[in-house]
Amino acid sequence: MGKNKPPAKYSAAGLLWRGLRKQSWPRVWREPEFKSTYDVVIIGGGVHGLATAYYLASNHGITNIAVVDKQYLGSGGSGRNTAIVRSNYLTPEGVAFYDRSLDLYNSMSNDLNLNVMFSERGHLTLAHTDSALRTMNWRAEVNKLQGINSSVITPAEIKKLTPSLDVSADTRYPILGALYHPPGGTIRHDAVVWGYARGADAYGVDLHQKTEVLDILVEGGSGPEGKGPSGKVTGVRTSKGDIHAPVVVNCTAGWASQLSNMAGVTLPITTHPLQAAVTEPVKTFLPTVVVSGSLHVYVSQTDRGELVFGASVDPVATYNMSGTLEFTEELAGHVLELMPGISKMRLLRQWAGLCDMTPDYSPVMGPTPVDGFYVDVGWGTYGFKAGPVSGEQMAACVANGTTPELIKPFELSRFTEGTLVGEKGAAAVGH
Ligand code: PYC
């Protein structure tokens, strides 16, 4: 919970009283009036945007905020990911950052007064080659140095933890070991969106859905139309009208570079779709999250019994989110290498989201050369697990006007200064 308490609108007694009197449930957040002026506009109603709004209000007392989203809350990457959380990264900067996110996820049900169903079930990254094993050892050592519970385990230990995996030596891609990370797991992604949305709304933050940003208003910049470096942001033009604000935060995924272009800020991002799929539900048999970088697949079982699968991003940069048969065929082949016993299970559906990839696989966070215009973008395939810490740190950045230590390594200026934070080796799968 932040330092400032929201009004006690959702007390357990109040909800019980409604239930007993068979009153209809209150709407979880308001449909606010569209105002023409705010202190802060946040673009993107996913976990990152909502968490930033929530922490601005709860930790810094800034509540005159509009969150705008062209669709409904959680309609982008927040509702399309495979809900995996972990902090077993490769760089010391990445480990510290994602570990703070895990801390916030751990206390989230209490903090937001909503059961977000965090399942700390352990996370296995399988190694099928000597070089993969070397990377797992490297990650384990970096992790241990920072107090993160991570170690490399043997095929026999893997089998004990997850009996459905085929760890025999005569497979096409034998499992040589795995990075085992007990604090990793899954969390209900929709609940995280709803929790932050409800929390922010309770502080008076206005959540404007179906409100598309058409332009970002900047004055005095050195680029075309007075935008770009040395300029000052003055607000946004939306499909519902203009909003004047001295601070605009781009918390989008998929369209992050296009939105930043509207302010005259160029980002080193290419956008690729990432597909995922889910099976019919079966009795629980998969106790851990399993990732295979070499086979480009990750899998976990939901509390409903479905297997959720993901893969690497599609090879072509595009905004097209159609599912492909190619993905399904490759996924099925690879999963069956790992778990031959599930060959009779049927896939129920598949979907895709958009991933904004940066050259070093780390995000871009903090101020930009346009005064008052901030970014929290470039999440690649790591966005959901970073949601809480990004919100917390971006809120501090905006409120205090200085970049917090935890996100300083991820500033946009690193691409001109040559101080990249190479996090590709921590990707769940190859990209
Ligand atoms: O990095 O753990 C990960 C991940 C899972 C799904 C997409 N990325």
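Read the numbers this way: they start at 1 and go in the same order the structure lists the ligands and their atoms.
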(message) Under a plain distance cut-off of 3.5 Å, with no hydrogens placed, do Gln275 and Thr324 share a side-chain donor-acceptor pair?
(response) yes
(message) If the cut-off is 4.0 Å to any non-hydrogen atom of Tyr382, which atoms of ligand 1 fall inside it?
(response) 1 (O)
(message) Does this structure show an ion pair linking Lys408 with Glu405, if we count only N-O contacts that are shorter than 4.0 Å?
(response) no
For [atom], grab the closest protein heavy atom and report residue, atom and distance to one decimal in Å.
{"atom": "atom 8 (N) of ligand 1", "answer": "Thr381 O, 2.8 Å"}
{"atom": "atom 1 (O) of ligand 1", "answer": "Arg86 NH2, 2.6 Å"}
{"atom": "atom 4 (C) of ligand 1", "answer": "Lys385 NZ, 3.5 Å"}

(request) Mind jotting down which residue pairs meet the salt bridge (Lys or Arg N to Asp or Glu O under 4.0 Å) criterion with at least one end in residues 354-382? Sequence neighbours excluded, please. (result) Asp360-Arg414
(request) Report the part of Thr82 in contact with ligand 1, treating N, CA, C, O as backbone and CB onward as side chain, heavy atoms under 4.0 Å; options are side chain, backbone, both, neither. (result) side chain
(message) Just to verify, what does His128 make a side chain to side chain contact (heavy atoms under 4.5 Å, CB included) with, not counting sequence neighbours?
(response) Leu126, Tyr173, Ile175, Ser292, Ser294, Leu295, Leu338
(request) Among Phe97, Tyr89, Tyr361, Phe410, find the one that has a ring pair (Phe, Tyr, Trp, His ring centres under 6.0 Å) with Tyr382. (result) Tyr89
